[in-house]
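Here is the structure we will look at.
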Amino acid sequence: MTEDNHDENKLIVQRREKLTAIRAQRVAFPNGFVKEHSSAVLTQQYESKTKEELEELAIGATLAGRIIRMRGPFIVIQDGNAQMQIYINNKSFTGEQAEQIKSFDLGDIIGVHGELFKTGKGELTLRAASFELLTKSLRPLPDKHKGLTDTEMRYRQRYVDLIVNEQSRNIFQTRSRIMRFIRQYFESLDFMEVETPMMQVIPGGATARPFITHHNALDQDMYLRVAPELFLKRLVVGGFDRVFELNRNFRNEGLSTRHNPEFTMLEFYQAYARYQDLMDLTEDLFRKIAIEVGGSSKLSYQGSEYDFAQPFARLSVTDLIKQHCAVEDDSAFASTESVAALANSLDVHFDDAWPKGKILMEIFDQKVEDKLDQPTFITEYPIEVSPLARRNEENPEITDRFELIIGGRELANGFSELNDPEDQAERFKEQVAQKDSGDSEAMHFDHDYVTALEYGMPPTAGEGIGIDRLVMLFTDSASIKDVLLFPHMRLQQDQD
RNA sequence: GGGGCGUUAGCUCAGUCGGUAGAGCAGUUGGCUUUUAACCAAUUGGUCGUGCGUUCGAGUCGCACACGCCCCA
């Protein structure tokens with residue numbers, strides 16, 4: 001088998017023959033057709049006119065789009081997210097033009113000029129006075145009623161999915177609208193959008209395994225960033241008091257319905273703010289996105305109902321463990337031994353070398369997180385799992401940090417930033433110790449970042465919001481792949 | 001990593017007890033030509049994911065592998 005015909009079938013052969021015939025007569029893929037109107041606008045302007053009014057107005061229009069239906073002399077073209085019916089009777093044309101109409105296939109892209117009218121059944125229709133085949137489609141479209149439902153094909157050939165599945169187009173249009181709204185929202189609050197390195201010599205800002213690459217000219221290994229955090233805070237040191245970045249992160253981890261190796265993150269930092277301010281901001285942002293996307297503060301996700309007009313619950317890690325694990329009082333959290341005993345009693349597995357806070361979070365992750373349906377801010381994260389967060393002034397074991405959980409999924413993570421350079425240096429040392437003892441997700445020591453803090457970072461709060469999961473929430477999508485245009489898939493092996 | 005389910009025509013899917021492959025849509029030919037999942041008549045289309053095995057005989061049973069989906073870790 002050759003590359004050219006590896007999946008050719010009779011339907012494609014027939015279309016290729018049509019294309020060959022077209023090539024013999026004229027330019028097969030003509031350029032320069034001027035599409036003067038759009039189906040969406042014409043429909044909006046003239047849908048309400050009567051048959052008689054349209055006849056009197058004699059509206060001329062020039063449209064272009066992909067043929068998605070053929071019903072005798074009627075064909076329907078898809079033009080953006082709208083459609084327009086064209087009346088194009090081959091009996092009204094002669095010779096080569098009549099033959100061209102007969103040879104149209106579903107999927108072909110045509111340009112049409114004519115006058116608008118209403119059919120006997122009242123549908124706004126363009127009567128073709130002239131037409132031009134702009135692009136011959138060589139591959140048959142999926143079933144016109146059922147569309148393309150095979151999930152694997154929808155992800156691998158997203159272009160086909162987008163042609164035939166309106167629902168899929170809607171998701172990505174909503175995603176775009178959310179991205180635009182977030183930018184406007186932060187700009188309205190005087191945040192500045194910035195771009196920081198995606199290729200980093202020291203990967204920092206999150207506990208996660210990075211992708212490694214190599215820069216030839218510098219002969220130096222580099223990492224794709226797992227987070228932009230440390231660079232954004234350097235900018236706060238530099239005097240940009242409100243910054244945000246909305247772009248891709250990369251983590252060398254497994255794929256799931258909630259994980260893709262590259263994913264989009266919003267991170268923002270606000271000087272002279274505390275983590276409580278960011279919780280307020282987050283509630284406001286989610287409420288406004290809900291209204292922007294769905295026109296209401298209420299939304300339904302995978303069978304659960306949320307109302308973002310209501311304040312989100314704010315509960316500490318230990319509060320929630322007490323609630324969900326039938327723990328009576330705080331003595332269970334007093335020492336490493338007592339927390340380990342609690343983990344054992346709940347059948348939560350942990351490594352004996354882990355510090356108390358890490359065992360505590362393992363309990364939380366396994367026994368609490370996915371049970372939290374309604375929006376909840378989790379607060380009072382242990383210091384051992386929060387190496388970049390500010391230590392709480394009253395309780396040195398916890399940080400001024402929160403995560404937002406909705407529908408059992410982590411949507412956001414924020415905290416008052418650690419701006420004490422000496423404390424930060426100690427935290428990096430602990431991370432390096434964990435890395436040396438085999439934790440591939442632990443952080444590197446970033447000396448330059450400590451240097452930046454030594455110049456002085458104002459009291460600051462920062463947050464990251466997972467945009468893919470946020471889009472899942474607002475589009476009622478069960479899998480992250482449904483909100484990624486081109487999700488990562490395993491390479492299909494050649495079966496030759 | 002473990003378990004479950006799936007993979008049959010271009011698409012969406014049937015396929016009974018293991019007996020030699022079916023439908024709708026799309027396509028082709030003709031008719032109709034203001035239709036609405038257009039209609040009428042005729043008709044084409046298959047390495048049943050890949051490989052091995054059991055069997056006189058495998059889409060169907062077994063094993064392995066590939067890819068996907070779901071659940072668990």
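Every chain is numbered from 1, with letters handed out A, B, ... down the list of sequences. Here the structure is a predicted model, which means the values were calculated and not measured.
Nearest nucleotide to the side chain of A/Asn9, out of B/rG10, B/rC67, B/rC69: B/rG10. When each of B/rU34, B/rG10, B/rC11 is scored by its nearest atom to the side-chain atoms of A/Pro142, the top-ranked nucleotide is B/rC11. Distances from the side chain of A/Leu11 to the nucleotides B/rU34, B/rG10, B/rC25 place B/rG10 closest. For A/Thr119, the listed nucleotide lying nearest its side chain is B/rU35; candidates were B/rA38, B/rU35, B/rU33. Of all nucleotides listed (B/rG10, B/rC69, B/rU33), B/rG10 comes nearest to the side chain of A/Pro140. Candidate nucleotides B/rC70, B/rU34, B/rU12 were compared by shortest atom distance to the side chain of A/Asp143, and B/rU12 ranks first. Listed candidates were B/rU33, B/rA37, B/rG68. Nearest to the side chain of A/Asn90 is B/rU33. Distances from the side chain of A/Leu106 to the nucleotides B/rU12, B/rA37, B/rA26 place B/rA26 closest. Residue A/Tyr87 has its side chain nearest to B/rU33 when only B/rC71, B/rG68, B/rU33 are considered. The side chain of A/Arg69 sits closest to B/rA38 out of B/rG27, B/rA38, B/rU34.
One can place CG of A/Asp108 at 13 Å from C1' of B/rA26, the figure rounded to the nearest angstrom. Rounded to whole Å, the distance from CD1 on A/Ile12 to P on B/rG45 is 17 Å. Per the geometry, NZ belonging to A/Lys144 stands 19 Å off P belonging to B/rG10, to the nearest Å. Between the CG atom of A/Leu124 and the P atom of B/rU34 there is a distance of 18 Å, rounded to whole Å. In this entry the distance linking OH of A/Tyr159 with P of B/rC11 reads 12 Å, nearest Å. We find that CG of A/Asn89 is positioned 11 Å from P of B/rC32, with the value rounded to whole Å.
Checked against a 6.0 Å centroid threshold, the rings of A/His488 and A/Phe263 do not count as neighbours. Checked against the 6.0 Å centroid criterion, the rings of A/Phe250 and A/Phe211 do not qualify as a close aromatic pair.
Within 4.0 Å (heavy atoms only), A/Tyr155 reaches sugar-phosphate atoms of the nucleic acid but no base atom.
The same atom, C1', is picked in B/rG15 and in B/rA38; the two are 31 Å apart, to the nearest Å. On the C1' atoms, B/rU55 is 9 Å away from B/rG18, given to the nearest whole Å. For the C1' atom pair drawn from B/rG59 and B/rG19, the interatomic distance equals 13 Å after rounding to whole Å. Here, B/rG57 and B/rC17 have their C1' atoms 15 Å apart, quoted to the whole Å. Rounded to the nearest Å, the gap between the C1' atom of B/rU16 and that of B/rC72 is 35 Å. Comparing the C1' positions of B/rC25 and B/rU20 gives a spacing of 27 Å, expressed to the nearest Å.
The base of B/rU33 is not paired with the side chain of A/Ser92 by any donor and acceptor separated by under 3.5 Å. The base of B/rU35 lies outside donor-acceptor range of the side chain of A/Glu123, with no N or O pair under 3.5 Å. Residue-to-nucleotide contacts include no donor-acceptor pair under 3.5 Å from the side chain of A/Lys121 to the base of B/rU35. With hydrogens and angles left out, the side chain of A/Arg127 and the base of B/rU34 share a donor-acceptor pair within 3.5 Å.
Nucleotide B/rG19: paired with B/rC56 (Watson-Crick or G-U wobble, both distances less than 3.5 Å). Pairing for B/rG46 is absent, with no Watson-Crick or G-U wobble pair whose two atom distances lie under 3.5 Å. Across all strands shown, B/rG51 pairs with B/rC63; the Watson-Crick or G-U wobble distances both stay below 3.5 Å. If you check B/rG68 for Watson-Crick or wobble pairing at under 3.5 angstrom, you find it paired to B/rC5. With a 3.5 Å ceiling on both atom-pair distances, the Watson-Crick or G-U wobble partner of B/rA41 is B/rU29.
Both the sub-6.0 Å distance and the 45° axial angle are satisfied by A/Arg401 relative to the ring of A/Tyr381.
Between A/Phe350 and A/Trp354, the ring planes are tilted. Angles from 30° to 60° get that label.
Against the 90° criterion about 0, the sugar-base torsion of B/rC17 places it in the syn range.
Under 4.0 Å is where a charged nitrogen must lie from a carboxylate oxygen, and between A/Asp105 and A/Lys136 at least one such pair does.
Taking both residues in full, the closest heavy atoms of A/His37 and A/Gly60 are given as CE1-O, 3.8 Å, listed atom of the first, atom of the second, then distance.
Using a distance-only test at 3.5 Å, with no hydrogens or angles considered, no donor-acceptor pair links the side chain of A/Asn413 to the main chain of A/Gly464.
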